[in-house]
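Note that ligands are numbered from 1 as they come in the structure, with each ligand's atoms numbered from 1 the same way. Just so you know, these numbers come straight off a predicted model, no measurement behind them.
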Amino acid sequence: MIPYGRQSLDDDDIAAVLAVLRSDWLTQGPAIEEFEQEICAYTGARFAVAVSSGTVALHAAAHAAGLGSGDLVVTSPLSFVASANAGRYVGSHVGFVDIDSATLNTDTALVPRSADAFVAVHFAGLPIDLGALAVRPRVVIEDAAHALGAVTADGPVGNCAHSDMCCFSFHPVKAITTGEGGAVTTNDPVLADRLRRFRHHGIVRTPEVSPVAYDVVELGCNGRLTDIQAALGRSQMGKLDAFVDRRNEVAERYRSLLARHPNIGVPPLPSVGVRHAYHLFAVQVPHRDAVVSAMRDRGIGVQVHYPSIQSFSAYSGSSADWPCLSADAACSRLLSIPVFPTITDDEVDEVVDRLVEVVASLTEDG
Ligand SMILES: *Cc1c(COP(=O)(O)O)cnc(C)c1O
């Protein structure tokens, strides 16, 4: 089976993890800050706070931004559910804004004036143009789970050029991995402090009282990444550009092979000066669900990204819902085909041959 995504680990990644296992610090040690500094150096953000998952990164960001009940958080229905849950965790109302069918990212012209916060998703790794926001809500949080390594006209995704905070995930299918893990970047020292406090139970040390004293000033959690994971993340960061370059090569190969097949829609191209991270290569096909089964029968691990978040029971009757017709149309046709750094050209050719064959047979039958 060719999976739709997978991690790339070398001996030096494994050696970095073993070094931590032999050290004194498995968690709350020096590897965390070294990894965070690596993320800052790459993205250009002033601060990075590593946490235990991309989901916790989004929750921490919503919390640090001061969002709560009475606030309206809007996001894309074409995303992983965690983008929307970020608002729900802090008691906010969540609403969905339709996508631009040309980019598959939120149509920034549709973000309503009533929104207190916008969770901006870089779908598939194509950066959303936040400079184009007609109305900037009080809080802008980027869900860049797909977009580590992507670059906009304003620099690397993660530099928060048009946002308050930017959230990453290091799940094995993402650009780099720590097993599970995530991070939030920001340029605001106050937000960075709040993110760190949230990750560690809302604890504030009070050395003026005594060297061991501390206060708990708010509800936090244990959202920490371990040093074991941070060492892996730091080692992976050194390969990020090579990973994203290879993803771009794979995407170009798919594009050229699929160009002669108009019934298979290829993903939007980045504009000049923009680097796509190609977390996903999501084509649009007719009879999508039948294509999924037929491809899996042929040993190709395709996936669907995503069913619309609006379609989930947990989001039925969401308090602020606008019709999202473009998202609904895309959600019924999108199919992610394999893209990861170690996929071979032969495997890419195999995926295309099988896809063309499957789509042709289903289209002929009706
Ligand atoms: C992966 C992902 C997340 C969640 O990240 P985890 O590390 O799995 O918690 C959030 N949003 C999007 C768009 C994702 O793809």
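In this structure a side-chain-to-backbone donor-acceptor pair under 3.5 Å is missing from Asp154 to Ala161. Arg199 places a side-chain N or O within donor-acceptor distance of the main-chain N or O of Ala50, the cut-off being under 3.5 Å.
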Output block, N or O contacts of ligand 1, threshold 3.5 Å exclusive:
| residue | atom | partner | partner atom | Å |
| --- | --- | --- | --- | --- |
| ligand 1 | 5 (O) | Ser169 | OG | 3.3 |
| ligand 1 | 7 (O) | Gly54 | N | 2.7 |
| ligand 1 | 7 (O) | Ser169 | OG | 2.7 |
| ligand 1 | 9 (O) | Gly54 | N | 3.3 |
| ligand 1 | 9 (O) | Thr55 | N | 2.8 |
| ligand 1 | 9 (O) | Thr55 | OG1 | 2.5 |
| ligand 1 | 11 (N) | Asp143 | OD1 | 3.4 |
| ligand 1 | 11 (N) | Asp143 | OD2 | 2.7 |
| ligand 1 | 15 (O) | His146 | NE2 | 2.8 |
| ligand 1 | 15 (O) | Lys174 | NZ | 3.0 |
| ligand 1 | 15 (O) | Tyr306 | OH | 3.3 |

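No more than 12 heavy atoms of other residues, nucleotides or ligands shown are found within 6.0 angstrom of CG on Leu219.
Side-chain heavy atoms closer than 4.5 Å link hydrophobic residues (I, L, V, M, F, W, Y) into clusters, and following such links, possibly through other members, connects Val285 to Val339.
His63 and Tyr89 have their aromatic ring centers separated by at least 6.0 angstrom.
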Which donor-acceptor pairs under 3.5 Å do side chains of residues 257-268 form with protein atoms, sequence neighbours excluded?
none

